[in-house]
*Asks:* 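Questions regarding the structure given below will be posed in turn.
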Number of protein chains: 2
Amino acid sequence: MHIPIKVDYGVRALLDLAEHAQEPAVRSADISLRQHIPQSFLDRLLLTLAKDGLVRSVRGPLGGHALARDPAQVTLGMVMRSLGGNETIVGCLEAPESCNHLAGCGQREIWSEVEDAVQRILDGTSIADLLVRTKAARALVVSAAN
Amino acid sequence: MHIPIKVDYGVRALLDLAEHAQEPAVRSADISLRQHIPQSFLDRLLLTLAKDGLVRSVRGPLGGHALARDPAQVTLGMVMRSLGGNETIVGCLEAPESCNHLAGCGQREIWSEVEDAVQRILDGTSIADLLVRTKAARALVVSAAN
DNA sequence: CTTGTAGTTGACCAACTTGGTCAACAATAC
DNA sequence: GTATTGTTGACCAAGTTGGTCAACTACAAG
């Protein structure tokens with residue numbers, strides 16, 4: 001199992017947008033600074049997220065990015081599917097006709113069982129959920145410092 | 001989520017060994033033919049599995065490979081860990097000190113939750129389990145052909 | 001209508017991983 | 001000693017990942 005850093009970046013960016021939801025638009029330069037994500041890389045991620053309808057972007061001065069929908073309606077699964085590439089768990093899963101071991105292949109079920117479990121967790125966690133957790137984690141860090 | 005083909009190959013090889021457990025040793029050439037795995041590639045996989053104690057290998061004529069333990073004691077998790085590479089879910093999980101977003105990082109928990117779920121499924125499935133499923137799947141193919 | 005700002009797009013890159021091959025070597029049975 | 005079979009190391013092509021850069025486009029303000 002492996003989560004591409006893009007996805008982690010994307011989640012952090014969305015989290016940043018959720019936290020600054022009162023502002024009409026957040027510039028990618030600001031997100032980049034706050035979240036320590038290389039800006040030109042972040043730009044591409046935001047572009048992809050925008051194309052997949054998770055973010056609304058506006059150019060020019062006063063431009064920037066904002067969540068396109070309620071943070072509770074954006075799940076990690078969506079981010080994963082948007083940024084995570086093709087994510088084909090194993091070749092024969094979506095091209096079973098090309099699998100020459102099909103005559104009695106017991107592991108296909110297991111691999112898709114795994115995939116389902118992952119999807120269930122990711123689709124069950126929204127940016128809103130994560131924002132709550134993040135704030136809790138931050139509070140913990142602060143109280144530990146005192 | 002993505003299962004490297006090596007792991008799938010490895011599982012099939014072990015399944016083949018389990019099915020031929022009555023023979024003292026199975027040659028990699030035979031496994032290669034039956035399971036449609038390129039032999040020289042299969043050889044490396046078997047070597048790795050042997051180093052991790054899942055397989056016992058003997059050279060020379062009458063040589064070959066055999067399961068080193070009971071099929072019920074070999075889980076897909078073991079195969080995954082043996083062949084699947086480093087499998088670091090995301091950098092900061094095992095090197096949290098290198099994570100500069102640590103001050104309030106809510107997603108680390110989610111990523112490890114995902115990892116745990118995957119491990120639970122993989123560790124809960126043994127080669128013996130899979131052999132049963134495989135035979136059932138084969139029976140189904142045969143009955144469908146009639 | 002120009003100017004500055006900020007997102008968009010395409011080309012490009014280094015590093016790494018994956019799946020795979022090949023030749024030489026070592027152990028062992030006959 | 002010879003044939004057989006696993007072991008080891010070197011090597012490879014192709015694809016992916018994380019990342020950069022320059023040019024381009026939209027838009028607000030003056």
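Below, chain A is the first sequence line, B the second, and so on; all start at residue 1. Side chains included, hydrogens not; waters and symmetry mates left out as well; all remaining heavy atoms used.
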*Asks:* Okay, side chain of B/Thr125, backbone of B/Leu122: is any donor-acceptor separation there less than 3.5 Å?
*Replies:* no
*Asks:* Whole angstroms only, please: what is the CD-P distance between A/Gln39 and D/dT20?
*Replies:*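 Distance check: A/Gln39 CD to D/dT20 P gives 10 Å.
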*Asks:* Given that B/Leu62 and A/Ala29 both sit by DNA chain C, which one's nearest nucleotide is further toward the 5' end?
*Replies:*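 First, find each residue's nearest nucleotide; the 5'-ward one identifies A/Ala29.
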*Asks:* For the side chain of A/Pro61, counting heavy atoms from C-beta on, which of C/dG7, D/dA28, C/dT21 is nearest?
*Replies:*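 Closest nucleotide among those given: D/dA28.
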*Asks:* Let me know the distance between CG of A/Leu83 and P of D/dT16, rounded to the nearest Å.
*Replies:*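 Going from A/Leu83 (CG) to D/dT16 (P), I get 16 Å.
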*Asks:* Can you tell whether the side chains of A/Asp116 and A/Arg120 come within less than 4.0 Å, N to carboxylate O?
*Replies:* no
*Asks:* Does the side chain of B/Met80 reach to within under 4.5 Å of the side chain of A/Val114, using non-hydrogen atoms?
*Replies:*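 Not touching, per the 4.5 Å side-chain cut-off.
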*Asks:* Taking CG from B/Leu17 and C1' from D/dG6, how many angstroms apart are they, rounded to a whole number?
*Replies:* 14 Å
*Asks:* For B/Asp52 and D/dT7, what is the distance between atoms CG and P respectively, to the nearest whole Å?
*Replies:*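 Going from CG in B/Asp52 over to P in D/dT7 covers 13 Å.
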*Asks:* NZ of B/Lys6 versus P of D/dG15: gap in Å, rounded?
*Replies:* 18 Å
*Asks:* Does D/dG19 have OP1 or OP2 under 4.0 Å away from a side-chain N or O of A/Tyr9?
*Replies:*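 The answer is yes; a side-chain N or O of A/Tyr9 sits under 4.0 Å from OP1 or OP2.
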*Asks:* For the pair made of NE2 in A/His65 and P in D/dA26, what is the distance, rounded to whole Å?
*Replies:*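 Answer to the nearest Å: 16 Å.
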*Asks:* So if I take every side-chain heavy atom of A/Leu47 and compare against D/dA29, C/dT8, D/dG18, which nucleotide ends up nearest?
*Replies:* C/dT8
*Asks:* Quick one: which of C/dC30, D/dG19, D/dG6 gets closest to the side chain of A/Phe41?
*Replies:*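 Closest of the options to the side chain of A/Phe41: D/dG19.
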*Asks:* Would a 4.5 Å heavy-atom cut-off, applied to side chains only, mark B/Glu19 and B/Thr134 as touching?
*Replies:* no
*Asks:* With no angle test and no hydrogens, is the base of D/dG6 tied to the side chain of B/Arg56 by a donor-acceptor pair under 3.5 Å?
*Replies:*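 Between D/dG6 and B/Arg56, which were checked side chain against base, a qualifying N/O pair under 3.5 Å is absent.
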*Asks:* Would you find a donor on one side and an acceptor on the other, under 3.5 Å apart, between the side chain of B/Ser126 and the backbone of B/Asp129?
*Replies:* yes
*Asks:* Counting just side-chain N and O atoms, does B/Ser40 come under 4.0 Å of either OP1 or OP2 of C/dG20?
*Replies:* no
*Asks:* Would you say the base of D/dG18 and the side-chain of A/Arg44 have a donor-acceptor pair closer than 3.5 Å?
*Replies:* no
*Asks:* Under 4.0 Å between a side-chain N/O of A/Lys51 and OP1 or OP2 of C/dT9, yes or no?
*Replies:* yes
*Asks:* Would you say the base of D/dT25 and the side-chain of A/Arg59 have a donor-acceptor pair closer than 3.5 Å?
*Replies:* yes
*Asks:* Report the nucleotide, chosen from C/dG19, D/dT20, D/dG18, that has the shortest atom-to-atom distance to any side-chain atom of A/Pro38.
*Replies:*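 Selected nucleotide (nearest to the side chain): D/dT20.
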*Asks:* What is the separation between atom CG on A/Asp43 and atom C1' on D/dC24, rounded to the nearest whole Å?
*Replies:*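 Going from A/Asp43 (CG) to D/dC24 (C1'), I get 14 Å.
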*Asks:* Could you state the atom-to-atom distance from CD1 of A/Ile5 to P of D/dG19 in whole Å?
*Replies:*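 That distance rounds to 7 Å.
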*Asks:* For C/dG7 and A/Ser57 - does any side-chain N or O of the residue sit under 4.0 Å from the phosphate oxygens OP1/OP2?
*Replies:*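 It does not, given that no N or O in the side chain of A/Ser57 lies less than 4.0 Å from OP1 or OP2 of C/dG7.
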